[in-house]
Amino acid sequence: MSDSVLLLRRHRVYRARCSFLDLSEEQVLRRYRLDKAAIAGLCRELGADLESLTGRSHALPVAVKVTSALTFLASGSFQTATRDTTGISQSAMSNCLAQFLEALQRRAARYIAFPPPAHAGTAAGAFPGVLGLVGSMHVALRAPSENEPAYRNAGNYHSMNMQVVCDAAGTITNVVAKFPGSCPNAAVLENSAVARLLEGARPDGAWLLGEGTRSYPLKPWLMTPIAAPRGPAEERYNALHHQALAALRRTLALLKLRFRCLDKGRGSPARPGPWRARIVQQVKDGLG
């Protein structure tokens, strides 16, 4: 056996890896955006899918695959994940991420369901019977080789237009992530399962609250702001509608802050509000 082969095997076997259990809780939160208990729970939940089926003596442990994927999601960088945390190659990192995401997707329906099974006419602020708050966010991606113009959004970068529905507590109940960045929000909603459901057997007095009229049109099951309010009553309606949608804005902001892979757009950053500073502090404190 040549010296080069021996060197390669030695490099593969002894390359240092960092276990999340060896880090402090603060370091774990900063690096993975989840605490130790949540990561351990993911390892248990996804273990059957992520355990190696090849029987190789140097197969990556489940915890390494989970933390490798989380590091990429938290940083949006393969280089950061391979250099600072996992000690594995970028190709292995890519495989870990693919396996992790596929395992999560197979379980998505257990945790993301619209309307929630226990729904009994919740309230969003001053609005009773609200099934959810609907909005969108653009997830940046590399320019695709096919149909490139369709993925260029109004911010002049390539993205996927992702629709999100959450409840008043910020729990995500529906996600649509298959339309290119140039697709208007209204078209994404119109072609979603949520719209088909609500156009059919919608419970009486149940609604969605949607963002401004430039995003969504008014529908029998969708309440949007009044474009040109006339008088105190309509102005109050708009103010209450804006207040009720605060939970959706916080949810989208938390997604971007916790998982930086979702926030790689090259557009101008949004002007920060007082709620954003509070969310940043919550994430830093591990309360997000």
Side-chain angles (χ1 to χ4, degrees), residues 108 112-116 119 122 124-127 129-141 144 146-168 170-230 234-235 237-256 262-263 265-268 270-271:
I112 303 176
F114 180 88
H119 175 76
T122 59
F127 297 91
V130 172
L131 290 171
L133 315 172
V134 60
S136 69
M137 59 183 284
H138 283 266
V139 180
L141 43 75
E146 297 182 5
N147 202 19
E148 177 271 336
Y151 288 85
R152 188 174 291 278
N153 61 31
N156 201 32
Y157 65 92
H158 298 91
S159 69
M160 189 75 69
N161 188 1
M162 185 175 78
Q163 177 178 287
V164 176
V165 179
C166 74
D167 63 17
T171 300
I172 294 174
T173 58
N174 184 266
V175 175
V176 179
K178 61 182 180 180
F179 290 92
S182 66
C183 189
N185 294 349
V188 176
L189 178 60
E190 189 70 26
N191 290 281
S192 70
V194 168
R196 292 191 294 272
L197 174 65
L198 295 177
E199 292 283 3
R202 176 177 63 92
D204 291 337
W207 316 85
L208 285 182
L209 296 186
E211 294 177 318
T213 53
R214 292 184 179 180
S215 293
Y216 302 109
L218 180 67
K219 290 180 175 291
W221 45 267
L222 178 65
M223 300 173 68
T224 60
I226 298 173
R230 298 179 179 179
E234 293 186 351
E235 290 176 356
Y237 165 83
N238 276 0
L240 293 173
H241 187 283
H242 180 80
Q243 180 180 347
L245 280 175
L248 173 67
R249 292 191 293 272
R250 286 194 297 269
T251 298
L252 298 182
L254 278 169
L255 281 174
K256 293 180 180 181
L262 299 177
D263 192 23
R266 295 185 297 275
S268 300
R271 184 173 57 188

How far apart are the closest heavy atoms of [X] and [Y], and which atoms are they?
| X | Y | answer |
| --- | --- | --- |
| P225 | G210 | CD-O, 3.8 Å |
| L197 | P115 | CD2-CD, 3.6 Å |
| P229 | N238 | CG-ND2, 3.7 Å |
| M160 | Y151 | CE-CE2, 4.2 Å |
| P217 | A186 | CD-CB, 3.8 Å |
| N185 | S215 | ND2-OG, 3.5 Å |

For the [atom1] atom of [X] and the [atom2] atom of [Y], what is their distance to the nearest 0.5 Å?
| X | Y | atom1 | atom2 | answer |
| --- | --- | --- | --- | --- |
| T224 | L218 | OG1 | CG | 4.5 Å |
| R152 | Y157 | CZ | OH | 11.5 Å |
| M137 | L262 | CE | CG | 4.5 Å |
| N153 | N161 | CG | CG | 8.5 Å |
| T251 | L245 | OG1 | CG | 10.5 Å |

- Query: Does a side-chain heavy-atom distance below 4.5 Å link S136 with Y216?
  - Reply: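 Touching, per the 4.5 Å side-chain cut-off.
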
- Message: Using the rule side-chain contact (heavy atoms from CB on, under 4.5 Å), only one of L248, L222, V194, L209 pairs with V134; which is it?
- Response: L222

- Task: With F114 as reference, evaluate V175, T173, I172 under the side-chain contact (heavy atoms from CB on, under 4.5 Å) test and give the passing residue.
- Result: T173

Short side-chain to backbone donor-acceptor contact, [X] and [Y], under 3.5 Å:
| X | Y | result |
| --- | --- | --- |
| H158 | P144 | no |
| Q163 | V176 | no |
| E234 | R230 | yes |

- Message: Please list all pairs meeting salt bridge (Lys or Arg N to Asp or Glu O under 4.0 Å) that have one or both residues in residues 170-181, counting only residues at least two apart or in different chains.
- Response: none

- Query: For K219, which residues count as a salt bridge (Lys or Arg N to Asp or Glu O under 4.0 Å) partner, sequence neighbours excluded?
  - Reply: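 By the salt bridge (Lys or Arg N to Asp or Glu O under 4.0 Å) rule, K219 matches E190.
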
- Query: How about E148: does its CD atom have over 12 heavy atoms from other parts shown lying under 6.0 Å from it?
  - Reply: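 Check passes, neighbour count above 12.
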
